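Have a look at the structure below, then the notes.
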Amino acid sequence: MPRDAAPLIRMSPALASADAVRNRQEMLIAGQARLECMRLLATLARNALPISGCVVLVVAIWMWNLIDQRLVLAWTGLMGGLIAAGLLMYASFRGNAQDIRHAAAWERRFTIKSLINGAAWGVLALLALPQGAENPQIFLVLTLTTVALGATGVLAPSRTAYYGFVFPALVPLALALIIGAAKSVALVGWSMLAYLLLLLLLHDLFHRSLKSTLIKRLESDALAQEQQVILDTAAEAICFIKPHFMVKCNRRFADLLGYTIEEIVGRPSWAWQASNDEWRRIARESEPAIRNGRAYTTVTEFKRRDGSRFHAEITGRAVDPENLALGMVWMGEDITARLKTEAALKASEDRFRRLVSLSSDWYWEQDAELRFTRVSGSVFEKNNIDLSNTLGKRRWEDTSVRGVSPEQWRTHRMLLEQRKPFRDFVFQVLGPAGDLRWCSSSGNPVFDEQGRFCGYHGVGTDITERVRGAERYRHLAYHDMLTGLPNRRLFSDRLEQAIARARRKGHRVAVMLLDLDDFKIINDSHGHSTGDEVLIAVSHRLRQAVRESDTVARLGGDEFVVLLPETLHTEDAATVAQKIIETVREPVEIGSRQYLLGASVGLALFPDHAATAERLLQQADIAMYMAKRRGGSALQCAVEPAEGSAVQRNPAGSAADARKASPAGVGIRSVSIGSAGVGPWPAACPGTLSWILGLQASPRAAIRRAKVKRR
């Protein structure tokens, strides 16, 4: 046994848990990231020193005739000393041995230096801020804000160093300006505090992005190092071959053949085969499997450097089956001793080797009668699932299995009878708490040495979250993101289905297009966020105003549409419309404010007003537009267009075309919704109606009159 392996063996009984190891690794990476931040901070600070010196010189020249020259010389000397101290600190940082234990101490030193630098810049507010001199004040404000902005990038690796600089640099000047007598100057001081808040947010963004990038790089480096260690300490011999020549191998491969790694790299792949015929056999047999993306495994004989020979089992897989020029990875082990063991051990090893590449939540086995003999996995322990009812039963005999149609069972059992592998057989399992979980199972048939069928083994995976995620995406595709109501796509589908049922059963389908009155005023006066809350409240009211079998959808903006799929009488639709208008009229409370809205509703029925879904929506849209023209908060019922009208002449035209038509050419009847409700309607469209066919003024004039009347 190697001497350096003994400590590892002695430590193995006392190894910490996986969580503790993971925590230690995360702490190590965090410490390395902090040290990297300090290295970056030292480099950035050193590079910024010449720029800082130039700025100090400019400020000194500006203050020379503004204040006492001795103070200017003293301040300039202080800044020069700080620049020199920065150079010395950088040299000390580079010269000392750097490790993660010293990172916190160096960050404190950089913070103290930044605090002194910030105070030196902030003292300008006391030295060079004469009362009433606006130009010097503006110059000083611009200078300090620019310096603070530059420090946001230079000190991005450290929060404490940046806070230590920016607060003493900007706060004294901001307070001096706020306390000043002039209101305009005080406004500049408040603006500087707002600017300080913006810089803090910007620095936080820089710092978190930098820290995240460093941690990801360190994790990647640690993973690459771990992989290299695993490669070198693997028990199996591993080599990487690009067409017929050795590119890389691990130490186990070199030791197995008696060479060094340097002696192996660059040599042809057949140099260690017992004979050239054996190498040709492997090349000939492996090509079909490798080109199909499968791993090829065989037993062959190798020769060592000293001439001795041994048997090895090797497994090869192409990096890219479509392009073999990218190379192949071969793994092997000396099986000279293993060939002397029992055949049962070989079968067991072969079984688990085929499962190495599978990632699953549990593993299962079945006997030749397809009864479960073994089911194991941590998922059952975590969810407290009892497997006693599963063992000894076939899959279709387990009462906890749900969600499989008879056709799916027949297809699955046909594969099992043919002794074929199956993949991704999806079913539901009833958990102990009564919840249904989605699962996916895959399996392969097992045969013994004589080729007799022994059963199946395979893996299972809980795919509940994947299924739920797919359901969420499907919901987003057919529903409005703001209100949760069906969107135009889902509404159109339901409308088509409702019309198809109405044709078969002979009943009516009602469509009401609803537009909120005065909603634009809320958006313009109180912002879109308030408008969104109003829309959410209105959508909730609309859902409460109709039956569960009805559909309320949002078409966009403040436009909604209501579908009554089974309407016997037009009076029923009018009653629902009246209820909707009265519901919308109720004040909407958002915070401490109340908002008053109205609803203009256009009503169209199938088959009275249109024979297709698209035409029905157009009729409802035209009717809603006429309700808007009448001042809003009204119900308009559509009828078939008058003969010779614009809509009649162009039936394929859009609702917008119909809106542009003369009012005398649009077949619309209207009813006002007041406190008296909706009374008996005439036969064409029952209700208290007035024909809007005699208007002589333009639509814009009618709308203006309606608005004046409402005021």
Side-chain angles (χ1 to χ4, degrees), residues 1-2 5 224-321 323-359 444 449:
M1 180 183 298
Q225 186 177 5
E226 290 174 359
Q227 291 175 345
Q228 185 61 41
V229 172
I230 292 173
L231 183 66
D232 286 338
T233 58
E236 290 186 324
I238 303 174
C239 64
F240 178 48
I241 298 174
K242 278 192 175 180
H244 310 313
F245 288 90
M246 192 70 63
V247 176
K248 190 176 183 180
C249 69
N250 67 341
R251 189 173 303 279
R252 173 59 178 164
F253 186 87
D255 294 342
L256 198 60
L257 296 175
Y259 293 88
T260 63
I261 295 178
E262 292 75 13
E263 292 174 333
I264 290 177
V265 173
R267 298 187 64 180
S269 58
W270 59 81
W272 301 277
Q273 295 289 157
S275 65
N276 290 337
D277 292 337
E278 182 68 3
W279 179 83
R280 294 189 186 96
R281 179 190 69 82
I282 295 174
R284 182 178 62 255
E285 294 178 356
S286 64
E287 184 176 0
I290 290 173
R291 288 191 180 276
N292 290 329
R294 303 193 306 270
Y296 169 76
T297 302
T298 188
V299 175
T300 185
E301 191 176 32
F302 285 95
K303 58 181 179 182
R304 294 187 177 92
R305 186 172 191 173
D306 58 4
S308 61
R309 299 189 178 191
F310 65 95
H311 284 88
E313 183 181 60
I314 60 174
T315 300
R317 185 186 291 271
V319 175
D320 183 2
N323 186 8
L324 297 183
L326 295 179
M328 297 177 57
V329 176
W330 287 91
M331 301 175 61
E333 61 176 341
D334 185 356
I335 61 169
T336 304
R338 197 184 75 186
L339 291 177
K340 299 177 182 179
T341 60
E342 298 180 0
L345 179 59
K346 177 183 176 182
S348 175
E349 290 179 353
D350 182 66
R351 177 188 65 193
F352 285 101
R353 189 179 300 109
R354 289 198 301 267
L355 295 175
V356 165
S357 60
L358 295 177
S359 176
N444 286 321
E449 290 285 330

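Note that the coordinates shown come from a computational prediction; the quantities given were computed from them, not determined experimentally.
Here the straight-line distance linking atom CD of Glu287 with atom CG of Asn292 works out to 10.0 Å at 0.5 Å rounding. Note that CD1 of Ile261 and NZ of Lys248 are 9.5 Å apart. Values are rounded to the nearest 0.5 Å. Between the OG1 atom in Thr297 and the CE atom in Met331 there is a gap of 10.0 Å [rounded to 0.5 Å]. For the atom pair Leu257 CG and Asp306 CG, the distance stands at 10.5 Å (nearest 0.5 Å). From Cys239, atom SG reaches atom CE of Met246 across 4.0 Å, with rounding to the nearest 0.5 Å. Taken from CG in Asp255 to OG1 in Thr260, the straight-line distance is 10.0 Å, to the nearest 0.5 Å.
Heavy atoms only, all atoms of each residue included: Cys249 and Phe253 are closest at CB-CD2, 3.9 Å.
Within the 4.5 Å cutoff, the side chain of Tyr296 has no heavy atoms near those of the Thr315 side chain. In this structure, the side chains of Thr298 and Glu313 stay at 4.5 Å or more apart for every pair of heavy atoms. Annotation: side chain of Glu262 is not in contact with side chain of Ile264 (no heavy-atom distance under 4.5 Å). Counting only heavy atoms from C-beta outward, the side chains of His311 and Asp334 never approach each other to under 4.5 Å. Considering only heavy atoms from C-beta on, Phe240 comes within 4.5 Å of Val319 through its side chain. Looking at heavy atoms from C-beta onward, Ser269 lies in side-chain contact with Trp279 at the 4.5 angstrom threshold. Taking 4.5 Å as the limit, every side-chain heavy atom of Val265 sits out of range of all side-chain heavy atoms of Val247. Between Arg317 and Trp330 there is no side-chain heavy-atom pair separated by less than 4.5 Å.
Cation-pi contact between Arg304 and Tyr259: absent, since separation from the ring centre below 6.0 Å together with deviation from the ring axis within 45° is not met.
The aromatic rings of Phe310 and Phe302 sit parallel, their planes meeting at an angle under 30°, below the 60° perpendicular limit.
Salt-bridge check for Arg305 with Glu263: passed, with a basic side-chain N closer than 4.0 Å to an acidic carboxylate O.
Between the Ser286 side chain and the Ile282 main chain, a donor and an acceptor come within less than 3.5 Å of each other. Counting only distance, with no hydrogens or angles, the side chain of Asn250 and the backbone of Glu236 share a donor-acceptor pair below 3.5 Å.
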Practice item. Step by step, work out the side chain to side chain donor-acceptor pair (under 3.5 Å) result for Asp277 and Ser275. Key: CA-CA 5 Å; Asp277 292 337; Ser275 65; 5.2 Å; no
Review point. Do Gln273 and Thr300 pass the side chain to side chain donor-acceptor pair (under 3.5 Å) test, and can you show the C-alpha distance, the side-chain angles, and the key distance before you say yes or no?
Key: CA-CA 8 Å; Gln273 295 289 157; Thr300 185; 3.3 Å; yes
